Each structure stands twice: as C-alpha cells, then as structure tokens.
Amino acid sequence: MAVYKTQIKSVKEDRIMGFFKPKMRSKSYLSNFLGFPTRVIVLILLFISILFPFYWLITNAFKVEQEYFASPPVVFPSKITFQNFIDAVKKYEMFKGLKNSLLIATGTTVLTLISGSMAAYALINGALPRKLKRVFGGWFLVQKMYPAVVVAVPVFYIIRTLGLLDNVLSLIIMNTSFNLPLVIILMIGFYQEVPYEVEEQSMLDGCNLFQRYFYITTPMVKPGLVATGMLTFVYSWNEFLYAVILTVNKAKPLTVTIAGFITDKGLIWGPMAAMGCAVVFPVLIIMWLMQRDFISGISAGALKG
Amino acid sequence: MLISRNIIQSRTDKIHSWLFLVPVFTVLLIAAFIPLGYGFVFSFMRYKLNLQQAPVFVGFKNYIDMFKDELFIKALKNNIFFAVLSVSIELVFGIIIAMMLSDDNLLSRLLITFLMVPLIIAPVASGTLWRMMLDRTYGIVNYLITLIGLKPVSWLGDYRIAIYTIILVDCWQFTPFVALLVLSSIKAIPKDIIEAARVDGANPFKVFTKIVLPITSPVIVIVAMIRFIDAFKVFDTIFVMTQGGPGSATEMLPTYIYRQGIKFLRVGYSSATAILFICSMSIIAWLFIRLRSSQLKRIE
C-alpha cells in the first residue's frame, strides 16, 4: 500500500513538472557542492537579479513622471497612473506596433508550421533518397552557424527590388527561413514518435502520402505542433535585426518601436516602460502556458542539430 | 537523427514527397540561397546602392580594404574579447547554478521556471530594461553603488566600461541557457555512480570535479560552441544600448556589417565582410565539432 501511495505521489509530481522527473533524494548532496551557505546566497542573488528588472519595468510603466526621475529612486510607487500607456498608444503608436508584431508572428508561425511539418514528414516517411536527408542535416547546421546579418544587405537589395520594403510579408518570409531548421528538427522528433504500424496500416488502406500526412499522422502530433508553433511565435515576436532593416514606418513591429524610443527620444521612460511591458508580457504568458515544452524545445533545438 | 523508415513506396508517394519539400525550398531560396549567392558575387565588386552606377568588378580589393580599415580591426577585436569573456563567465556561472539547482525540491523547480524568463524575452526588451536600470543619473544601479560609497559609474557612456556593460547584459540573458542545458545533463547522470562515490567517502566538490564535469563535458562543449557562435551574432543588445559607441568602443562585427551595408550602403564592401565572417564561423564550428568527436571517442 505504501508503495502504491508513493507511486501516486510521484505521478502527481510528474504532472506538476513533468520534464524533470523526481529521481533521487541524495541529489541535494550534489547541489551543496560549494557549501550550503554559498548555495543560499547564490540562489537568492540569482532570484533577485532575474526578477528585479521585471519589477522595475512594471513599476516604471505605472509611475508618475516625478517618481521615475526621483533620486533616490522610488522602489514602491506611491501613485499608480495609466498615463504612460495612454501616451504610448496615442503618441507612439503602440497599437500599430502590436498589430504588426502580431501579424508577423502569426504569419510566420502558420507558414513555418505548414512548410516545416511537410518537409519533416517527407523526410521521415516519404520516399526520398538518403543523401537528401544528409544535405538537409548539413544545411541546418550551416544556417544555425551563420549570423543573420551576413545576408542583410543582399536581402535588403532583393526585397527592395521586389518592392516589398516596409511590408509585413517580407518579414514573414525572413522569419520563416530563420525558424525552419528548428521546426523541422522538432517535428522530425514528433513524427518519429508515431508508431510505424500506423503508417503501414493506413498505407495498406490505400492512403497516399498526402492523405497520410493530412488526415492521419499530423492530427496525432498536434500537441507537438502546438508547442513548436509557440516557440516559433516567440522567436519571431522577438526578432529585431530584419525588422529594423526592412521596415520604415508602416510595418514597424513593437521591437523596432521600442528601439526607436531609446535611440532618438531620450528619456521618455514612462511610455518606454509601457511599451516594454507590451513586448515582454505576451511572451511571458505563452511561456507560462508552455513551460516544460519550452525547456525541452530549446534544448532539443540546441543539441540535436 | 534522420533515420528513414523502410516503407515500400508507390510512385505517387515519391512525387508527393518531393512536392512536400517545395514550400521549404521556396522560402530558403528567397531568404537564404539567393541572398548568399548575391552576397558572394557583390563581394568582388564595388557597388554602392545610393549612387546610380553599375557595379564594377574589383577582384579582391574589398577583402584587402577590410584589413586596412582600423574600425574593422577594432570591431573584430571587440567581438573576440566579448565572445571569450562573456562565454566563459556564462559557462562558469551556468555550471554552478546548474549544480545548485540539481536537487528536486520545489524551490529549485520554481527557480528553474524563472531561469527561462531572461532567455525568452526579446533582447531588445532586455536591453531596454538594463538601459533604464543603468542610467547614469536616474538608474537604480548607480543609486545602489552610491549607497555603498562608490562614485556613480557612467555604464554606457564611458568607453572603457561600455563593453563590460554589454557583457553583463549578455550574461544576464544567456547564463540561464547554459544552466538549463547543463542541468538536464546533470540530471541524466545515473544515480548509482554518485552514490558509489559518496559511499567511498568523496566530498561533494570532488564528485563534481571527478564525476559530474567529465560526464557532462560533451554537453558543455556543445553549449560553449553554440554560445560562442551566438556571441558573434550579437546585435540587438548593442543596437539598443550603445549603437556601437561611445566612439567605437562596443562596435562588433554584426553592427559593423549593418552600418557599412545598410547605413552607408556600401554593398560590395559589407558583402565581403559578411563572406569572410561566414568562412571564419565555419572554421570555428568545424574545430568545435572535431573537439567534440574526439571527446566522444575518448569516452567510448
């Protein structure tokens, strides 16, 4: 009975934080390897240094002007105001930025998921020469290596020639190409988890490759698809380099708007902090929804390539 | 990774599987292959976008000019300094944090969740955050410093300090990355090995140096490689915090290429820099891969 109970407990714990399964009690012996006091101090410092900047951002977004210019700095604001957000929306076009960011991130996610999952499926279950798979593997490695900035000038030139400058579409295309390797790697992992028998059976039933992809296998990996999509969404939401190169005014996403604050508008901290909140919080919410998939997604993307 | 399944395929399946690759190829063609090709061709030409002038073939002149340009040398030096210092700090702290969080209590798990936060917010946003906190007159960091009795520091305005500030922000953002990946490999170490060492009377620090480090070293090498290569991609943070300044104190290769190509529209020259950049990155990556495979052999 006791064993049964501990099993239930461990299942529960698994559900809470499924990625790191509780394994051993003796681990705390390892984690105190520099002594218990050092550990406490380091972890407290870590905690503060991670969370304090966010606290600072949020409070600055709600502070009145005298308080964010006060010296000594006001840690606990005495008055809360929404003026900064109103300014950010009215004077600095926060909604336009939000709309563009949303369009770019959603467009990228959809495009990447469709094209990436198709490619991953074809690579795993399709009839392709083995060499091609190796080529793909090599290409992922190369693309991970080269910094995006090296193609910046030619891309600028091409997009200008195509007349897509300051157009959301150009950013969607660029972000898709950056996220494809990650999506393909992750989706290959998910497709490989689908039992081979499923493929075989549906083939015997006369499904062709497209039908198997669309009606049978992809619905089975839906959770994986969602997790991958979230990751892509976050990455393209955060993208900055091409956003700053390829947009002028109309298609500016939030990241560019906020950078504009810093470079030429000096110290307009309130609206800037409000804008910062708008950049950060959607991502934090997504992260909160998907936390364990995030860790495994990030580490798989890093280690498998 | 790419193990194919041996299914007997019909002809329509063959056609379909090629068709499935079409979208990916289209995107890559527009966004990667054609630009890379253009970049390669432009790198041998003198071509400025703002002049109404056809590109002129100049051979290797752009590549030679590069090494005569002091700003380029400065950017290269800065970038190498930045990469080496920030990656080593990140590795040291990342490994320490990973070790400290390797037990399974609730608090550690909570902290692991928080660790992800700097990792996934936009670099632009983290630059903004730190820019506010590090402001010379109104920033809270300087206030805390004056409390201890030191003079306020001009974190981003002083050409000697600015690069360290950038390193600090980079470490804040990416130490969690190292920590999370090392942590998952520490958790994968079989329990009995550590138990056995413990029974034999090894102290925790010894277990760390003799068991944990050797076992996790392949992962550490990969993480170091990824971070090192990423350190040469740093752009957002610098753009937001210093714009490469003051002077050229925080100018790095990506910002240099950006400035030459997009701001001064020197297409040929900046393409040459970019091509050289890709080549040197591939060499570094190749070295790392060699290192890793030799390590794997030794373990076997």
Side-chain angles (χ1 to χ4, degrees), chain A residues 17 22 24 27-33 39 42-43 50 53 56-57 69 72-73 115 118-119 122-123 125-128 133 137 145-147 149-155 173-174 176-177 196 208-210 234 238 240-241 245 255 258-259 262 276 279-280 283 287 291 294-295 299 302-304, chain B residues 1-2 5 9 12-14 16-17 20-21 23-24 27-28 30-32 35-36 38-39 99-100 102-104 109 113-114 116 120-122 124-125 128-129 131 133 138 140 143 180-181 184 191 204-205 208 226 229 232-233 235-236 240 254 257-258 261-262 267 270-271 274 277-278 281 285:
Chain A
M17 196 70 189
M24 59 180 91
K27 274 282 182 170
S28 65
Y29 156 81
L30 250 186
S31 57
N32 288 331
F33 79 118
R39 180 173 180 230
V42 170
L43 291 187
I50 287 178
W56 198 239
L57 181 76
F69 285 141
S115 56
M118 278 170 84
L123 286 173
N125 293 322
L128 292 168
K133 293 170 190 183
M145 247 155 32
Y146 80 68
V149 74
V150 300
V151 288
V153 177
V155 164
I173 294 172
M174 287 318 293
T176 303
S177 93
Y196 167 66
N208 63 23
L209 194 77
F210 178 75
V234 168
N238 288 347
F240 175 65
L241 173 64
I245 292 174
T255 44
I258 200 174
I262 295 162
V279 176
V280 169
V283 171
M287 188 207 87
Q291 39 176 306
F294 254 108
I295 302 182
S299 49
L303 298 180
K304 273 187 189 160
Chain B
M1 182 181 88
L2 297 169
R5 292 167 167 181
Q9 307 274 0
T12 39
D13 279 7
K14 263 182 199 159
H16 277 180
S17 29
F20 269 36
L21 293 179
V24 169
V27 171
L28 287 184
I30 301 173
L36 275 176
Y38 260 118
M99 282 294 287
M100 287 180 168
S102 63
D103 60 349
D104 263 311
R109 288 188 209 162
T113 315
F114 283 132
M116 288 188 294
I120 59 145
I121 67 164
V124 175
T128 318
L129 275 180
R131 175 96 181 216
M133 305 216 326
Y138 306 111
I140 189 155
Y143 174 70
L180 286 177
L181 292 189
S184 58
K191 176 183 173 183
F205 193 74
F208 170 66
I226 294 169
I229 290 172
F232 283 93
K233 298 181 186 173
F235 177 83
D236 307 10
V240 171
I257 294 177
Y258 170 80
I262 304 293
V267 175
S270 79
S271 301
F277 197 1
I278 298 178
M281 284 335 284

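Note on naming: letters A, B, ... go to the chains in the order of the sequence lines (proteins, then strands), and numbering restarts at 1 for each one. Computed from a prediction, not measured in an experiment: that's the story for all the values here.
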What is the minimum heavy-atom distance between [X] and [Y], and which atoms define it?
| X | Y | result |
| --- | --- | --- |
| Phe20(B) | Met118(A) | CD2-O, 3.3 Å |
| Pro254(B) | Val149(A) | O-CG2, 3.6 Å |
| Thr113(B) | Met287(A) | O-CE, 4.0 Å |
| Ser115(A) | Val24(B) | O-CG2, 3.3 Å |
| Val155(A) | Ala31(B) | CG2-O, 4.2 Å |
| Ser17(B) | Ala122(A) | O-CB, 3.6 Å |

> Of all residues at least two apart in sequence or in a different chain, which pass the side-chain contact (heavy atoms from CB on, under 4.5 Å) check with Ala122(B)?
Replying inline: Asn238(A), Thr255(A), Val279(A), Ala125(B)
Is the closest side-chain heavy-atom distance between [X] and [Y] below 4.5 Å?
| X | Y | value |
| --- | --- | --- |
| Trp56(A) | Ile140(B) | yes |
| Leu43(A) | Met100(B) | yes |
| Asp103(B) | Arg39(A) | yes |

> Which residues pass the ring pair (Phe, Tyr, Trp, His ring centres under 6.0 Å) test with Phe235(B), sequence neighbours left out?
Replying inline: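 Listed in chain order: Phe239(B), Tyr258(B).
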> Which answer fits Phe277(B), side chain, backbone, both or neither, if we ask what part of it has an atom under 4.5 Å from a heavy atom of chain A?
Replying inline: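 For Phe277(B), the side chain is the part near chain A, not the backbone.
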> Checking Val283(A) against chain B: side chain, backbone, both or neither under 4.5 Å from a heavy atom?
Replying inline: both
> Counting only heavy atoms not in Tyr38(B), do more than 12 sit closer than 6.0 Å to its OH atom?
Replying inline: no
Can you tell me which of [options] forms the most heavy-atom pairs within a distance under 4.5 Å of chain A?
| options | answer |
| --- | --- |
| Ile229(B), Thr128(B), Ile278(B) | Thr128(B) |
| Ile257(B), Leu21(B), Val267(B), Ile30(B) | Leu21(B) |
| Leu36(B), Leu28(B), Ile120(B) | Ile120(B) |
| Gly261(B), Pro23(B), Pro35(B) | Pro35(B) |

> How long is the gap from CZ on Phe210(A) to NE2 on His16(B), to the nearest 0.5 Å?
Replying inline: 8.0 Å
>> Nearest 0.5 Å, please: how far is CE in Met116(B) from CD1 in Ile50(A)?
In response: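 Separation between the atoms: 10.5 Å.
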>> At a heavy-atom distance under 4.5 Å, which candidate from Leu241(A), Ile173(A), Val280(A), Val234(A) has the highest pair count against chain B?
In response: Leu241(A)
